[in-house]
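To start, the structure itself, in structure tokens.
In what follows, every chain begins at residue 1, and chains take the letters A, B, ... in the order their sequences are listed.
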Number of protein chains: 2
Amino acid sequence: MRTIKLVIEFNGARFVGWQIQARGVSVQGEIEKVLTAVSGNPVRVISSGRTDAGVHALGMTVHFHTPSGLPMSAFREGVNRLLPEDIAVKSAEEAPPCFHARFSARGKWYRYTIFQSLVRSPLRAPFCWRLRKPLDLEALRTAAAAFVGVHDFAPFRSSGCAAKTTVREIFSLSVDTEGDLLFLDVRGSGFLKNMVRMMVGTLVEIGQGREKPDLVARMLAEGKPPARITAPPQGLCLMEVFY
Amino acid sequence: MRTIKLVIEFNGARFVGWQIQARGVSVQGEIEKVLTAVSGNPVRVISSGRTDAGVHALGMTVHFHTPSGLPMSAFREGVNRLLPEDIAVKSAEEAPPCFHARFSARGKWYRYTIFQSLVRSPLRAPFCWRLRKPLDLEALRTAAAAFVGVHDFAPFRSSGCAAKTTVREIFSLSVDTEGDLLFLDVRGSGFLKNMVRMMVGTLVEIGQGREKPDLVARMLAEGKPPARITAPPQGLCLMEVFY
């Protein structure tokens, strides 16, 4: 048996999310179907984690086991020829037998894109959250800094989250602008269900002046109140998984 | 009668092009339908020019006449509420009666995006032409410089082009890279049918080493041979029309 590691890019617009569901088209389902056809054996992939419906990825990472002796090009070029246009394998490599896409991961980098504009943009809309007024950058950066470190992120997980512990570490959270775009780059050890989108939702409330910058520190210290706003999925992109 | 100038952004993927056709959905058709509904009078828009099926625009400019006394917000926010997601009015302003989107234009800026990568990218594919190997930048820049100035662009128009004269002026053609992306920014007085895409097709042949950099100067001087390659439409974007 060989262990193969794939890095996958996808446009999440059309999918019910990463994970196979009873209904709808999932990224995992599309990939397993093609890997099974190419390798000639049933393939189950293990991912570094799940992404919600509508979330994009530039660097989702998975592994799978296969008895197939095919060259690596079959798992990149060959698989890409059969995958739909909105999914692609960026790299395929043989990994040590102990490699595990989820348990071996040391961290992940997510980017959330906000577009600050009075008018909508057809070319940008599928990849950002549009806000009509510019956010208060200073308030945003003060609040963002409070996320960094080891904290109990219980207020930043959605009700469907089944994680046993809600303690996670955020390595960094940077706020950068480029014209009317604002990028929130979050790097951390791991993330609860909807965690990044709820962090962004809370930061936006602060950036809009509806909440004070110290709200984040208070929520993390007191474990409440739960975040009120979950930023929409199309602004989120899983950039990279670190091993 | 008022003369109103609109700047329009659209994702060209779904359309048969700018112009109304016997079959298929056109950007012009969608806009005229909504402007007619909002103003309560039949509206015909005059554009700065046409774009082919699949070509995008960040700054297509049009004008129209209307007896309507509605405030400008009706022609931006109001119209945007009724337009499909892939078209938006970015600005609406009253123009002098003599303003003409096509005849008043002093020039246009087109950007063509090339993505240099062995593997395809689902997130970038709708907005670029992917080439497997990096182009020779020096050859590309030498050839690009030959386009600048007043020339007879007869070799760079498609067979369906009905323009009376094929003399045009290119103000500038810059070649810039950003990681694995390559941007060709073309500014000129006006463009023949498929002209930018045929210029890019010829530049790519040169950048791939299949033709010499002096081919462009020869084609412009001799009026032949016609460009062999028309770059695909999704890499092209009409950025701005200058007045």
Side-chain angles (χ1 to χ4, degrees), chain A residues 6-15 27 30-31 51 54-60 72-93 111 113 115 117-128 130 132 178-181 234-239, chain B residues 6-15 27 30-31 51 54-60 72-93 111 113 115 117-128 130 132 178-181 234-239:
Chain A
L6 303 180
V7 178
I8 294 161
E9 176 178 333
F10 59 84
N11 179 329
R14 189 172 66 89
F15 301 105
V27 185
E30 294 295 286
I31 286 172
T51 51
V55 171
H56 310 297
L58 274 172
M60 168 62 98
M72 277 307 127
S73 60
F75 294 110
R76 197 176 75 172
E77 283 81 356
V79 164
N80 279 342
R81 237 169 269 133
L82 298 176
L83 280 173
E85 280 300 305
D86 45 8
I87 310 178
V89 172
K90 289 169 82 176
S91 71
E93 57 179 289
R111 166 171 285 186
T113 304
F115 174 51
S117 171
L118 257 181
V119 290
R120 60 186 178 77
S121 162
L123 291 167
R124 283 177 172 156
F127 311 105
C128 64
R130 179 169 69 91
R132 295 176 159 267
E178 196 182 295
D180 40 21
L181 294 175
Q234 79 280 358
L236 187 61
C237 185
L238 172 56
M239 302 294 281
Chain B
L6 303 180
V7 177
I8 294 161
E9 175 178 335
F10 59 84
N11 179 329
R14 189 171 67 89
F15 301 103
V27 185
E30 294 295 285
I31 286 172
T51 51
V55 171
H56 310 297
L58 275 172
M60 169 63 98
M72 278 306 128
S73 60
F75 295 108
R76 197 175 75 172
E77 283 80 356
V79 164
N80 279 343
R81 237 169 269 132
L82 297 176
L83 280 172
E85 279 300 304
D86 45 8
I87 310 177
V89 172
K90 288 169 82 178
S91 69
E93 56 180 289
R111 166 170 285 186
T113 304
F115 174 50
S117 170
L118 257 181
V119 290
R120 61 186 177 78
S121 162
L123 290 168
R124 281 176 174 159
F127 311 105
C128 64
R130 178 168 70 91
R132 294 174 159 269
E178 196 182 295
D180 42 20
L181 294 175
Q234 79 280 358
L236 187 60
C237 186
L238 171 56
M239 304 294 280

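- Residues forming a salt bridge (charged side-chain N to carboxylate O under 4.0 Å, His left out) with A:R111 (at least two apart in sequence, or on another chain): A:D185.
- The CD atom of B:E9 sits 4.5 Å away from the CG atom of A:L123 when rounded to the nearest 0.5 Å.
- Of the two parts of B:A13, neither the backbone nor the side chain holds a non-hydrogen atom closer than 4.5 Å to a non-hydrogen atom of chain A.
- With sequence neighbours left out, B:R124 forms a salt bridge (charged side-chain N to carboxylate O under 4.0 Å, His left out) with B:D180.
- Inspection of non-hydrogen atoms places A:R76, A:N80 of residues 73-81 of chain A under 4.5 Å from chain B.
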Compile the donor-acceptor pairs under 3.5 Å between side chains in residues 82-90 of chain A and protein atoms, sequence neighbours left out, one pair per line.
unit_1	atom_1	unit_2	atom_2	d
A:D86	OD1	A:R14	NH2	3.1
A:D86	OD2	A:R14	NE	2.6
A:D86	OD2	A:R14	NH2	3.4
A:K90	NZ	A:L58	O	2.8

